[in-house]
Amino acid sequence: MEINAQTTEKVQKNFLEEIIENDLKEGKVQSIQTRFPPEPNGYLHIGHAKSICINFGLARQYGGKTNLRFDDTNPVKEDTEYVDSIKEDIHWLGFDWAEEHYASDYFEQLYDWACELIKKGLAYVDDQTNDQIRENRGTVQTPGINSPFRDRSIEENLLLFEQMRQGKFNDGEKTLRAKIDMAHPNMHMRDPIMYRIIHAHHHRTGDKWCIYPMYDFAHGESDSIEKITHSICTLEFDIHRPLYDWFINALGIYPSHQYEFARLNITNTVMSKRKLLQLVKENYVAGWDDPRMPTICGLRRRGYTPESIRKFCEDIGVAKRDNLIDYSRLENALRDDLNKKANRVMAVLHPIKLIIDNYPENQTEELEAVNNPEDESKGKRKISFSRILYIEQDDFMENAPKKYFRMTIGQEVRLRYAYIVKCTSCEKDDNGNVVAVHCTYDPATRGGDTPDGRKIKGTIHWVDANNCINAKVNVFDRLFNAEKPDEVEEGKTFLDNLNPNSLTVLTDCKLEKSLLTAKPLDKFQFERLGYFSVDYDSTQENLIFNRTATLKDSWAKQK
RNA sequence: UGUCCCAUGGUGUAAUGGUAACACAGCAGAUUUUGGUUCUGUCGUUUCAAGUUCGAAUCUUGAUGGGACAACCA
């Protein structure tokens, strides 16, 4: 039965798998070669993770290879800082590339191919200004008009292009354009610019070049050089495909093919690099790796595991229709992973004192607690118990509803791994806030068992007030209040949808002592609360935890 | 008032002319020393219209809705 279910699941192929299997079957390709082509101008985000999982995953699945290629054709935006972070993030996600390339490594070849196109009468140097080019391109509804420089001789074009390379002209003075069709319904085919002049330092080629190829004249050609069989990208490049094919065809080079899938969108999240950059630059978040950011490094700092991100990417599938994935899908993948892996510990985030009036004043006990009920191999540990404990504010209610199973006067509750206690009274401050709760314990219930077999509905967590450690805990909420932060009314921006309460810092949290040696990125389940990960800034003296995700809470729903 | 892409439960994703299904979410119940986990059950779907066909989610045409395209960005 189970085998059957698995088999059916595997039979369900996405459209990329179908294309690949077909190409393999028909002998169109012997093996597949994909690539992941980031521009080093920003940090990778969860949308890139989808692309990474697709490109590396497909190659892995069909015994092919994946290259990492930096699409570094615009020196004014790119930087090695980004190159390093991108490589780190891909590795962290659990993938490794066959070859590492840079579009800039191909500049000489690209230059030669541009000359070849000139010689074939398929490219020309244009003297028009930026504005003129834009005006003469027409609009989506009206054809453009030919450049007055469109019919220069091949010799003149060759000379001018060489002079462009030599630095004889200023930025913007001239461009090299493909000669296609200024009336083409697809704007990208209206004599697209192949090269522009930029006198800028490039992170790899330094000052060697002052002309740089455009995306459209670099990407497909780089694919072709690397013999990429399946060049997989997002839907917005669909409209570029005719041009991708046109260049490859005009050059007569290895015919890579482009396929497009729908990019990932997640509720209450923005995914554009420009907007993420803005959040960082304008200090709406603490940096690219702020745990509220959908960046890979942000998710990592938040406590997400590579496995959970990969599982998420697998869960959401691949297709061509627009999608908006609920953020909870990501949390589900995380819970699913950490439920099996994270050790349980006890921690109180909003402490109030619980005083066990009939417990001996100077007594301390060591009680046994299970580290992970899902994994017996994780063993057990000892936790300290004495007369005064901390419990969660939420776990006491003076006037509780009928279905409240926790601490309320007259009701019995289990202290996890400790004793059954009966709540007797509470103390309040002048403002009427409960500051301490009193109870009595039943010595016969050590460990939390009920020898008489009586049923105890509620179990709450606690820490020993005399034997615990303090910590700071960052509690995160969605960064944006709106499900689609980009959809704003006139005069507003996505920034107006920012959630002012996306970060709550709790400074008075009480943790069981075993957490003292926790190291950055260590992950735990705080029993009944959620999954928490140690922050980079955490030290033994100043412990800092990030809440990755809460546990599912069916009580919260009932309220 | 252009061209191209897309349209299946609440959200995603399958079904490749032959019984519309799977996951998540929801709801109900069972289990439980985490109101967690696990298990069981349940709700609910082909945008519309016409055509082709014995038979259409699937093919055709049209409509409607969503998206992309007018950077010397990628």
Exercise for the section: Provide the Watson-Crick or G-U wobble partner of B:rG36, both distances under 3.5 Å; none if there is no partner. Expected result: none
Handout entry: Phosphate-side-chain proximity, A:R196 and B:rC73, N/O vs OP1/OP2 below 4.0 Å
Key = yes
Practice task
With P as the reference atom in both, quote the distance from B:rU31 to B:rG36 in angstrom, rounded to an integer.
Solution key: 14 Å
Practice task
Salt-bridge test for A:E365 and A:R446: reply yes if a basic N is under 4.0 Å from a carboxylate O, no otherwise.
Solution key: yes
Problem - N-O pairing of A:K13 and A:E21 below 4.0 Å - result: yes
Problem - A:D442/A:R454 salt bridge by N-O under 4.0 Å criterion - result: yes
Practice task
Determine the interatomic distance between C1' on B:rU34 and the same-named atom on B:rC27; round to the nearest Å.
Solution key: 23 Å
Exercise for the section: Indicate, with a heavy-atom threshold strictly under 4.0 Å, whether A:Q525 touches base, sugar-phosphate, or nothing. Expected result: base
Problem - Ring centroid separation A:F247 to A:F217 under 6.0 Å - result: yes
Fill in the blank from the handout: The nucleotide from B:rG2, B:rA71, B:rG12 with an atom nearest the side chain of A:N323 is B:rG12
Exercise for the section: Please state the P separation for the pair B:rG18 and B:rG12 - nearest whole angstrom. Expected result: 26 Å
Exercise for the section: Map A:I316 and A:G172 onto RNA chain B by nearest heavy atom, then report which one ends up closer to the 5' terminus. Expected result: A:I316
Problem - nucleotides 56-61 of chain B: protein proximity per nucleotide (B base, S sugar-phosphate only, - neither; heavy atom, under 4.0 Å) - result: ------
Fill in the blank from the handout: Considering only heavy side-chain atoms of A:N332, the closest of B:rG67, B:rA25, B:rG35 is B:rA25
Handout entry: N-O pairing of A:R69 and A:D223 below 4.0 Å
Key = yes
Practice task
Provide the distance between the two P atoms, one in B:rC24 and one in B:rA20, to the nearest whole Å.
Solution key: 24 Å
Problem - Selected nucleotide, minimal atom distance to A:T175 side chain, candidates B:rU3, B:rU34, B:rC72 - result: B:rC72
Exercise for the section: Would you mind classifying the nucleic acid contact of A:V76 as base, sugar-phosphate or nothing, using non-hydrogen atoms under 4.0 angstrom? Expected result: nothing
Handout entry: Salt bridge flag under 4.0 Å for residues A:K341 and A:D337
Key = yes
Exercise for the section: Give a yes/no on whether any side-chain N or O of A:N186 is located under 4.0 angstrom from OP1 or OP2 of B:rC69. Expected result: no
Handout entry: Lys/Arg-Asp/Glu bridge criterion (N-O < 4.0 Å) met for A:D238, A:R241
Key = yes
Problem - Rounded distance in Å between the P positions of B:rU42 and B:rA21 - result: 13 Å
Problem - A:T142 vs B:rG2: side-chain N/O to OP1/OP2 distance below 4.0 Å - result: no
Practice task
Tell me whether the OP1 or OP2 atom of B:rG2 has a side-chain N or O from A:T139 closer than 4.0 Å.
Solution key: no
Problem - Below 4.0 Å: OP1/OP2 of B:rG26 and any side-chain N or O of A:K557 - result: yes
Practice task
Salt-bridge test for A:D126 and A:R150: reply yes if a basic N is under 4.0 Å from a carboxylate O, no otherwise.
Solution key: no
Problem - B:rG65 versus B:rA15 - spacing of their C1' atoms, nearest Å - result: 24 Å
Exercise for the section: Answer with base, sugar-phosphate or nothing: what part of the nucleic acid does A:F261 contact at a heavy-atom distance below 4.0 Å? Expected result: nothing
Completion exercise
Across every strand shown, the nucleotide meeting Watson-Crick or G-U wobble geometry with B:rC4 (both distances under 3.5 Å) is B:rG67
Practice task
Decide yes or no on side-chain contact (heavy atoms from CB on, under 4.5 Å) for A:V413 and A:T459, but give the supporting numbers first.
Solution key: CA-CA 6 Å; A:V413 72; A:T459 299; 6.0 Å; no
Fill in the blank from the handout: Considering only heavy side-chain atoms of A:D238, the closest of B:rC4, B:rA23, B:rC72 is B:rC4
Practice task
Could you pick out which residue, A:D449 or A:N14, lies toward the 5' side of RNA chain B when each is mapped onto its nearest nucleotide?
Solution key: A:N14
Fill in the blank from the handout: Winner on side-chain proximity to A:N130, out of B:rC72, B:rC5, B:rU13, is B:rC72
Practice task
Determine the contact category for A:G138: base if any of its heavy atoms lies under 4.0 Å from a base atom, sugar-phosphate if only primed atoms, P, OP1 or OP2 are that close, otherwise nothing.
Solution key: sugar-phosphate
Exercise for the section: May I ask you to verify whether the side chain of A:Q141 and the base of B:rU3 hold a donor-acceptor pair under 3.5 Å? Expected result: no
Practice task
Identify whether any heavy atom of A:H184 sits under 4.0 Å from a base atom; if not, whether one sits that close to sugar-phosphate; answer base, sugar-phosphate or nothing.
Solution key: nothing
Practice task
Kindly say whether, by distance alone, the side chain of A:H188 makes a donor-acceptor pair under 3.5 Å with the base of B:rA68?
Solution key: no
Exercise for the section: Tell me whether B:rA71 sits syn or anti, counting syn as a glycosidic angle within 90° of 0. Expected result: syn
Practice task
Test for a donor-acceptor pair under 3.5 Å between the base of B:rU34 and the side chain of A:R344, counting only N and O atoms.
Solution key: yes
Exercise for the section: Mind calculating the distance between CG (A:L551) and P (B:rU38) to the nearest angstrom? Expected result: 11 Å
Problem - Pi stacking test for A:Y215 and B:rA74: under 5.5 Å apart, planes under 30° - result: no
Completion exercise
Partner of B:rU52 under the Watson-Crick or G-U wobble criteria, both distances under 3.5 Å, comes out as none
Problem - Any A:K552 side-chain nitrogen or oxygen under 4.0 Å from OP1 or OP2 of B:rA25 - result: yes
Handout entry: A:R134 side-chain N/O to B:rA70 phosphate OP1/OP2 under 4.0 Å
Key = no
Fill in the blank from the handout: As its Watson-Crick or G-U partner within any shown strand, both distances under 3.5 Å, B:rU19 has none
Exercise for the section: Test for a donor-acceptor pair under 3.5 Å between the base of B:rU13 and the side chain of A:R321, counting only N and O atoms. Expected result: no
Problem - Electrostatic pair A:E39:A:K77 at N-O distance under 4.0 angstrom - result: no
Practice task
Please give the nucleotide sitting opposite B:rG10 as a Watson-Crick or G-U wobble pair, both distances under 3.5 Å, or none.
Solution key: B:rC24
Practice task
Return no unless some side-chain N or O of A:R241 is found under 4.0 Å from OP1 or OP2 of B:rC69.
Solution key: no
Practice task
Sticking with atom P, work out how far B:rA63 lies from B:rG26, rounded to a whole angstrom.
Solution key: 41 Å
Handout entry: Electrostatic pair A:R263:A:D322 at N-O distance under 4.0 angstrom
Key = no
